[in-house]
Amino acid sequence: MTIQPAPRRAAEQVDDFDDDIREPIVDHGELSSATRRVLLALIRGPYLRSVGGDGRLWAALVRDEAQVRARLADLYLDLVLDAEAGLAFVRNLEVEDAPKVVRNHPLTLLDTALLLFLRRRLLAQQGSEVRTFVGRDEIEDQLRSYRPAELADKKGFDDRIGAAINKMKKNSVLLSTDDEERWEVSPVLGLVFGADEVAAVTRELDRLVAS
């Protein structure tokens with residue numbers, strides 16, 4: 001007497017042939033691998049640097065700038081590239097009926113005050129090749145002037161200052177150094193905030209303080 005194996009269900013039988021019937025994945029990409037990675041890096045943000053980043057990505061960006069710019073425009077994104085500063089990032093393409101692809105991050109009063117303070121630090125060294133650094137003590141001294149006189153919760157306000165600093169670190173506005181309490185101010189602020197933007201941020205800060 002022999003024992004016959006139980007017949008398998010149809011689904012189980014198909015599993016044996018999955019590798020045979022599964023269609024191969026086709027890569028329809030037309031750009032080089034490095035240039036495709038440039039697009040990913042720009043879209044993920046916050047920006048691409050020639051120094052302190054992947055030099056191969058920057059080289060690919062410079063080499064294929066026209067293609068990168070065109071592909072980004074297809075996604076309603078505008079490429080901002082400053083070859084001299086070695087910085088590049090994307091922003092929403094300002095054309096009629098274009099969707100907003102890059103999300104805006106809401107800023108608190110302290111966030112706005114910190115951005116303006118950092119931008120002014122950059123302006124103070126404009127035209128020089130000296131990198132701009134700032135310490136936590138300088139930031140705290142600057143932002144504590146925005147503490148309302150009637151606010152008794154000093155620790156709570158200091159926590160809000162810490163949150164503003166962390167937001168700038170997360171968005172690579174403040175770049176890490178060997179000292180955990182000291183950062184380099186990213187030169188990207190010089191591209192994001194020109195004279196008109198500084199004036200606009202100053203007006204917004206004045207409005208927030210007055211409200």
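Residues passing the side chain to side chain contact (heavy atoms under 4.5 Å, CB included) test with Arg36 are Asp27, Leu31, sequence neighbours excluded. Under the side-chain hydrogen bond (donor to acceptor under 3.5 Å, both in side chains) criterion, Asp64 pairs with Thr35, not counting sequence neighbours. Scored by the side chain to side chain contact (heavy atoms under 4.5 Å, CB included) test, Asp137 finds no partners at all (sequence neighbours excluded). Every residue two or more places apart in sequence or in another chain was checked for a side-chain hydrogen bond (donor to acceptor under 3.5 Å, both in side chains) with Arg120, and none qualifies. Under the side chain to side chain contact (heavy atoms under 4.5 Å, CB included) criterion, Ala59 pairs with no residue at all, not counting sequence neighbours. Legend: residues meeting side-chain hydrogen bond (donor to acceptor under 3.5 Å, both in side chains) with Glu180, ordered by chain and number and at least two apart, are absent. Every residue two or more places apart in sequence or in another chain that forms a salt bridge (Lys or Arg N to Asp or Glu O under 4.0 Å) with Glu184 is listed here: Arg131. Considering only residues two or more places apart in sequence or on other chains, Glu30 meets the side-chain hydrogen bond (donor to acceptor under 3.5 Å, both in side chains) condition with Arg71. In this structure Arg37 satisfies the salt bridge (Lys or Arg N to Asp or Glu O under 4.0 Å) test with no other residue, sequence neighbours excluded.
Leu42 has its side chain within reach of Val38: a pair of non-hydrogen atoms, C-beta onward, lies under 4.5 Å apart. Looking at Leu174 and Leu118, their side chains come closer than 4.5 Å, going by heavy atoms from C-beta outward. Counting only heavy atoms from C-beta outward, the side chains of Phe117 and Val134 approach each other to under 4.5 Å.
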Result block: side-chain N/O donor-acceptor pairs under 3.5 angstrom for residues 155-165, not counting sequence neighbours:
| residue | atom | partner | partner atom | Å |
| --- | --- | --- | --- | --- |
| Lys155 | NZ | Asp159 | OD2 | 3.1 |
| Asp158 | OD1 | Arg144 | NE | 3.4 |
| Asp158 | OD2 | Lys154 | NZ | 2.9 |

(request) Could you check Val68 against Leu72 for side chain to side chain contact (heavy atoms under 4.5 Å, CB included), going step by step and ending with a plain yes or no? (result) CA-CA 6 Å; Val68 170; Leu72 288 172; 3.8 Å; yes
(message) Before you tell me yes or no, could you show the steps for Leu191 and Tyr47 under side chain to side chain contact (heavy atoms under 4.5 Å, CB included), namely the whole-Å CA-CA distance, both residues' side-chain angles and the distance that decides it to 0.1 Å?
(response) CA-CA 11 Å; Leu191 298 181; Tyr47 56 86; over 6 Å; no
(request) Could you give me the CA-CA distance, side-chain angles and deciding distance for Leu114 and Leu110, then say whether side chain to side chain contact (heavy atoms under 4.5 Å, CB included) is met? (result) CA-CA 6 Å; Leu114 179 52; Leu110 289 183; over 6 Å; no
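Heavy-atom minimum distance, Pro187 versus Arg49: CD-NH2, 4.3 Å. Nearest heavy atom pair, residue Ser186 against residue Leu122, reads O-CD1, 3.5 Å. Gly86 and Trp58 get closest at one heavy-atom pair: C-CH2, 3.3 Å.
A donor-acceptor distance shorter than 3.5 angstrom exists from the side chain of Arg69 to the backbone of Leu79, with no hydrogens or angles considered. Side-chain atoms of Arg121 come within 3.5 Å of backbone atoms of Phe133 as a donor-acceptor pair (strictly under, hydrogens ignored).
Considering CG of Leu48 and CG of Leu87, their distance stands at 9.0 Å, rounded to 0.5 Å. Atom CZ of Arg56 sits about 9.0 Å away from atom OG of Ser33, to the nearest 0.5 Å. Here OG1 of Thr108 is found 11.5 Å from OH of Tyr146. Values are rounded to the nearest 0.5 Å.
Applying the side-chain hydrogen bond (donor to acceptor under 3.5 Å, both in side chains) definition to pairs two or more places apart or across chains, those involving residues 164-173 are Asp111-Lys167. Here side-chain hydrogen bond (donor to acceptor under 3.5 Å, both in side chains) pairs that include residues 75-84, with residues two or more places apart or in two chains, are Asp78-Arg91.
Hydrophobic clustering (ILVMFWY, side-chain heavy atoms < 4.5 Å, transitive): Val95 and Val90 are in one cluster.
More than 12 heavy atoms of other residues, nucleotides or ligands lie within 6.0 Å of CZ in Arg63, so this atom counts as buried by the packing criterion.
A salt bridge is defined here as a Lys NZ or Arg NE, NH1 or NH2 lying under 4.0 Å from an Asp or Glu carboxylate O, and Arg182 with Glu138 meets this definition.
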